[in-house]
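All heavy atoms count here, side chains included; hydrogens, waters and symmetry mates do not.
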Amino acid sequence: MASLSYIVYVLASLFNPVSFFLYGHHSHYTGSSNSSIEHDDQYKLALFVFGDSLFEAGNNGYLPNITTELDAAIAWPYGETFFHYPTGRFSDGRIVPDFIAKYAKLPMLPPYLQPGPHDFTDGCNFASSGAGVLVETNPGKSISLPAQLGFFKDVRKSLQQKLGGLKAKRVLREAVDLIGIGGDDYFRFYSDLPNATESLQLEAVAVVIGNLSIILQEIYDLGGRKFAFQNAGPLGCIPYRRQIYNSKEGCVEGLNSLASLHNTALVSVLKEFESQLLGFKYSIFDYYNSLDDRLRNPAKYGFTNATDACCGIGLFRAAYCGGENGTKPYELCNDVRDYLWFDGSHTTEIANIPMAELIWSGTPNVTGPYNVKQLFQQVLI
């Protein structure tokens with residue numbers, strides 16, 4: 001099968017100094033030992049969040065020249081049910097990282113760009129709507145993963161200045177790095193090449209995974225050891241994507257194919273990292289199948305509508321939630337609790353809660369090889 005052989009070639013290349021990816025890969029592998037002990041609550045553990053709009057807590061609202069056209073979540077009705085005002089989160093309320101922080105007994109993490117003092121010993125949220133693994137995805141409108149890595153480096157310096165080198169090193173080593181990104185890279189690729197062959201799709205996945213692996217290596221080199229991933233969801237089933245491709249009867253299969261290929265490659269590369277990097281531990285939440293099951297069986301999860309968004313206009317009510325701060329017409333559902341989707345691309349708070357619970361304490365068939373609770377409970381030695 002061509003796809004399998006190509007992915008094997010891609011994954012082998014990730015660990016070859018003569019990588020064919022966009023940037024060089026510098027190997028720092030030191031062995032496969034993963035010694036750990038159970039955490040005894042003696043030390044405060046941090047949560048660092050990297051990602052796109054699914055994890056964003058409001059960073060884009062602090063970018064220069066931002067408008068509600070570029071960042072709808074800074075306007076009403078985003079935030080209506082929990083905060084009662086827009087915070088820059090793409091939901092009616094809290095998002096998954098907010099709940100993960102709660103379960104870890106941490107405060108709700110502020111966006112990194114929010115002015116004022118930050119306690120980075122708790123962690124921080126670097127995520128940005130529209131962000132990609134690749135710098136060329138939505139440039140100027142979002143904070144790419146490489147740029148988020150730059151923020152992380154600044155946080156490391158701040159911790160070193162505040163705590164000293166040894167204590168800062170421990171904070172970073174014991175922290176969990178929560179990552180959810182990649183969808184916007186594939187939206188961009190599919191927009192350019194909607195009829196791409198499987199070989200071209202695999203090349204796109206190779207570039208994304210290759211550059212993601214470089215970022216992971218850098219976080220590891222900076223001290224990170226515990227990585228928690230939310231894999232790519234069924235991208236072609238998002239109401240907004242179905243709207244713009246006029247897919248009235250089903251999902252956009254080309255986007256779902258890209259997500260599936262990405263998820264397969266992600267599992268393989270993380271297994272390889274674990275075998276090669278001392279102390280590297282990871283968790284993958286199967287967001288694809290968890291969300292897909294809710295789409296197929298909404299009543300099972302308490303939803304009456306998993307097709308349309310609560311907020312927006314047009315096919316599936318999937319566009320212009322908030323109407324660009326009320327300057328354009330839009331509709332808002334009567335009871336957000338009935339809906340899986342708040343806007344055309346993002347789920348409701350009531351949908352986010354069980355997703356966060358699965359990330360936190362899900363069984364290995366959904367979240368593994370560790371769940372995030374298990375990552376927090378372990379101290380690496």
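With rounding to the nearest 0.5 angstrom, the OH atom of Y62 is 10.0 Å from the CD1 atom of I74.
Using a distance-only test at 3.5 Å, with no hydrogens or angles considered, a donor-acceptor pair links the side chain of N211 to the main chain of V207. Formation of a donor-acceptor pair under 3.5 Å by the H262 side chain with backbone atoms of L258 is not found in this model. No donor-acceptor pair closer than 3.5 Å links the side chain of D52 to the backbone N or O of G130. Proximity of a side-chain donor or acceptor of N59 to a complementary backbone N or O of Y112 within less than 3.5 Å is detected. Checked by atom type and distance alone, the side chain of S260 pairs as donor or acceptor with a backbone atom of N256 at under 3.5 Å. A side-chain donor-acceptor contact under 3.5 Å links T327 to the backbone of G323. Of the possible donor and acceptor atoms, one in the side chain of D98 sits under 3.5 Å from a partner among the backbone N and O of I95. Under the 3.5 Å distance criterion, the side-chain polar atoms of Q148 are left unmatched by any main-chain donor or acceptor of F151. Formation of a donor-acceptor pair under 3.5 Å by the D185 side chain with backbone atoms of V208 is not found in this model. Within the 3.5 Å criterion, the main-chain N or O of R94 finds a donor-acceptor partner in the side chain of E349.
Looking at L113 and F126, their side chains never come closer than 4.5 Å, going by heavy atoms from C-beta outward. Contact check for K226 versus D177: no side-chain heavy atoms found under the 4.5 Å cut-off. In this structure, the side chains of C321 and P77 come closer than 4.5 Å at one or more pairs of heavy atoms. Two residues are said to be in side-chain contact when any heavy atoms from C-beta on lie closer than 4.5 Å; D122 and L47 fail this criterion. Counting heavy atoms from C-beta on, the side chains of E174 and Q378 never come closer than 4.5 Å. Side-chain contact check for F285 versus N231: every heavy-atom pair is 4.5 Å or farther apart. Looking at V171 and K167, their side chains never come closer than 4.5 Å, going by heavy atoms from C-beta outward. Side-chain contact between R317 and C333: present, with at least one pair of heavy atoms (C-beta onward) separated by less than 4.5 Å.
At least one test fails for R294 against the ring of F303: distance under 6.0 Å to the centre or angle within 45° of the axis.
A ring-centre distance under 6.0 Å is not found for F316 and Y240. The aromatic ring centroids of Y245 and Y190 lie less than 6.0 Å from each other. Between F50 and F152, the distance from one ring center to the other falls under 6.0 angstrom. Taking the centre of each ring, Y78 and F90 come in below the 6.0 Å mark. Proximity of the aromatic rings of F229 and Y282 is defined here by a centroid distance below 6.0 angstrom, and this criterion is not met. Residues Y330 and Y320 place their aromatic rings such that the two centres sit no closer than 6.0 Å.
Note: the hydrophobic cluster containing V336 does not contain V96 (ILVMFWY, side chain heavy atoms under 4.5 Å, direct or indirect links). Hydrophobic clustering (side-chain heavy atoms under 4.5 Å, transitive across Ile, Leu, Val, Met, Phe, Trp, Tyr) groups I209 together with F187. Side-chain heavy atoms closer than 4.5 Å link hydrophobic residues (I, L, V, M, F, W, Y) into clusters, and following such links, possibly through other members, connects I238 to Y301. The hydrophobic cluster containing L145 also contains L63, counting ILVMFWY residues as joined when their side-chain heavy atoms lie under 4.5 angstrom apart, directly or transitively. Under the 4.5 Å side-chain heavy-atom criterion for Ile, Leu, Val, Met, Phe, Trp and Tyr, Y339 and I350 are members of distinct hydrophobic clusters.
Taking the six-membered ring where tryptophan is involved, the planes of F120 and H118 are essentially parallel, since the angle between them stays under 30° and well short of 60°.
What you find for L109 and A101 is that their closest heavy atoms are CG-CB, 4.4 Å.
Atom CG of D192 is surrounded by more than 12 heavy atoms from other residues, nucleotides or ligands within 6.0 Å. At most 12 non-hydrogen atoms from other residues, nucleotides or ligands lie less than 6.0 angstrom from CZ of R337.
When the options F99, F376, Y370 are evaluated for a ring pair (Phe, Tyr, Trp, His ring centres under 6.0 Å) with W360, the one that passes is F376.
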**Request:** Decide side-chain contact (heavy atoms from CB on, under 4.5 Å) for F280 and R225; before the verdict, give the C-alpha distance in whole Å, the side-chain angles of both, and the deciding distance to 0.1 Å.
**Result:** CA-CA 5 Å; F280 184 98; R225 293 295 182 271; 5.6 Å; no
Q. Does the pair D92 and T348 meet the rule for a side chain to side chain donor-acceptor pair (under 3.5 Å), with working shown?
A. CA-CA 6 Å; D92 61 295; T348 54; 4.9 Å; no
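Using modelled atom types, one finds a donor on one side chain and an acceptor on the other under 3.5 Å when comparing T87 with R89. With no hydrogens or angles considered, a side-chain donor-acceptor pair links N60 and S128 at under 3.5 Å.
Remark: C237 SG to C251 SG, distance under 2.5 Å.
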